[in-house]
Amino acid sequence: MKLSSQKQVEDLFKFKSENFLTTSFYLNTDKSRMTKKEIALSFKNLLSKSKSQLQKMEIGKKKKESLSQDLNKINLFCSQHLSSNKFAGLAIFSCSSQDFWQLFNLPSSPRNRIIFDKNSYVRPLSAILGEHNRILVLTLDRKEAKWYDIFMGEILLLENLMGDVPSKVREGGWEGYESKRIERHIATHLHDYFKKAAHMTFKVFKKNHFDWIFLGCREEYCSDFEPLLHPYLKGRIKGRLKATPGDSTAVVLKESFELEKKLKKQEEDETIQKLVSELERGGLAISGLKKTLRSLNRGEVQTFILTRNFSKPGRICPKCHFLFVDELQCASCQRKTDKLVDVIDEALEAAMDKNCQVRHVTAPSKLDRYGKIGAFLRYKT
Ligand SMILES: [Zn+2]
């Protein structure tokens, strides 16, 4: 199924077996960034790594068999479906001995991983949900108004309202007085209809908790309509669409997607700009892998900012879980550190554990010049 709500994640997390472990599997399947061959290869590597990890695990034979069956089922599924998959990511949760199997198609790419644990490992799903905005789209003209809910690439028509506004006065054939009276009559109708539409917008918004509003209407209508909206809603209008009520849902969705992408890029640029100015004035900010890891270890990070798909090997202290780029000995407890395939991945985990905010930015960006990674700090030591 397609990942679309926090409720799905909560339901998934509820599954827990008393006697067996659950396998959580995440794969980046973004064909705009990788070839089919590269995806297949990364899957093969991930699977063989997990198989050898499973062999070494000190758990009961039955538990091990169930996990091994999970891996086989995942392998079978991927060998049949991976090349035709159209989504940016895939997540599977399996507990074979309990006949538990759930699959999610993801709208953005997760980091590749397989985790064996008591519960399903759902944090990447929550992170993906958190990255997307729920958008209310209203298309409006003098005849009709339509309200749509757009979330993670899905569009749903929520409400529609017919205008019942008389058509415009035809040129000629009318005395001036009569024609003015009719114009006024039409204006009143239009105003009442817009008021109804504004009221409906508030009703729809309250029910669904949207982040943003996109408005699809001609300038002349917008200037009459917008002042009628609740002040709270006016602040949520993030942009205008060319789409009108006559357009298909596909057109509305496509235009909204483009605008959302543009707005997100703007948001990212603003975040990076804020980081850069904070860095330049020596304020509460840090950049580069080494310094960011040090601040993370010390619990100073407030907002963790990283470039999507950025990965680097590193090291971790087995005792205090401090992260390092290349230190062989933990700076805190002097223990020998262990090698990590991807320290960024661990850093992201640590940041989420410490309730830091996480912001992903898409490369290329200005952050590239600052080591692709950085953070706003709570305080500095
Ligand atoms: Zn240590």
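Please read all numbers here as calculations on a predicted model, not as lab measurements. Numbering of ligands and ligand atoms starts at 1, following listing order. Computed from heavy atoms alone, side chains included, the values below leave out hydrogens, waters and symmetry copies. Numbers here simply count residues along the sequence, with the first being 1.
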message = If I take every N, O or S atom of His321, is at least one of them less than 2.8 Å from the Zn ion (ligand 1)?
response =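 No N, O or S atom of His321 is closer than 2.8 Å to the Zn ion (ligand 1), so no.
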
To check your reading of the site, what angle at the Zn ion (ligand 1) do SG of Cys317 and SG of Cys320 form, to 10°?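 Once rounded, the angle between the two atoms at the Zn ion (ligand 1) is 100°.
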
- Message: With rounding to 10 degrees, what does the angle Cys330:SG / the Zn ion (ligand 1) / Cys333:SG come to?
- Response: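 Angle SG(Cys330)-the Zn ion (ligand 1)-SG(Cys333): 110°, rounded to 10°.
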
Any salt bridge linking Asp211 with Lys238? Criterion: basic side-chain nitrogen under 4.0 Å from a carboxylate oxygen.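 Between Lys238 and Asp211 there is no salt bridge, as every charged N stays at least 4.0 Å from the carboxylate O atoms.
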
Q: Would you confirm whether the ring centroid of Tyr121 sits within less than 6.0 angstrom of the ring centroid of Phe116?
A: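 Ring centres of Tyr121 and Phe116 not closer than 6.0 Å.
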
- prompt: Got a sec, which pairs hit side chain to side chain donor-acceptor pair (under 3.5 Å) with one end in residues 332-346, sequence neighbours left out?
  reply: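 Of all non-adjacent pairs touching residues 332-346, those that pass side chain to side chain donor-acceptor pair (under 3.5 Å) are Arg111-Asp342, Arg113-Asp345, Arg315-Thr337.
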
Quiz item: For Lys264, which of Glu260, Glu268, Glu267 qualifies under salt bridge (charged side-chain N to carboxylate O under 4.0 Å, His left out)?
Solution: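 Of the listed residues Glu260, Glu268, Glu267, the salt bridge (charged side-chain N to carboxylate O under 4.0 Å, His left out) partner of Lys264 is Glu260.
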
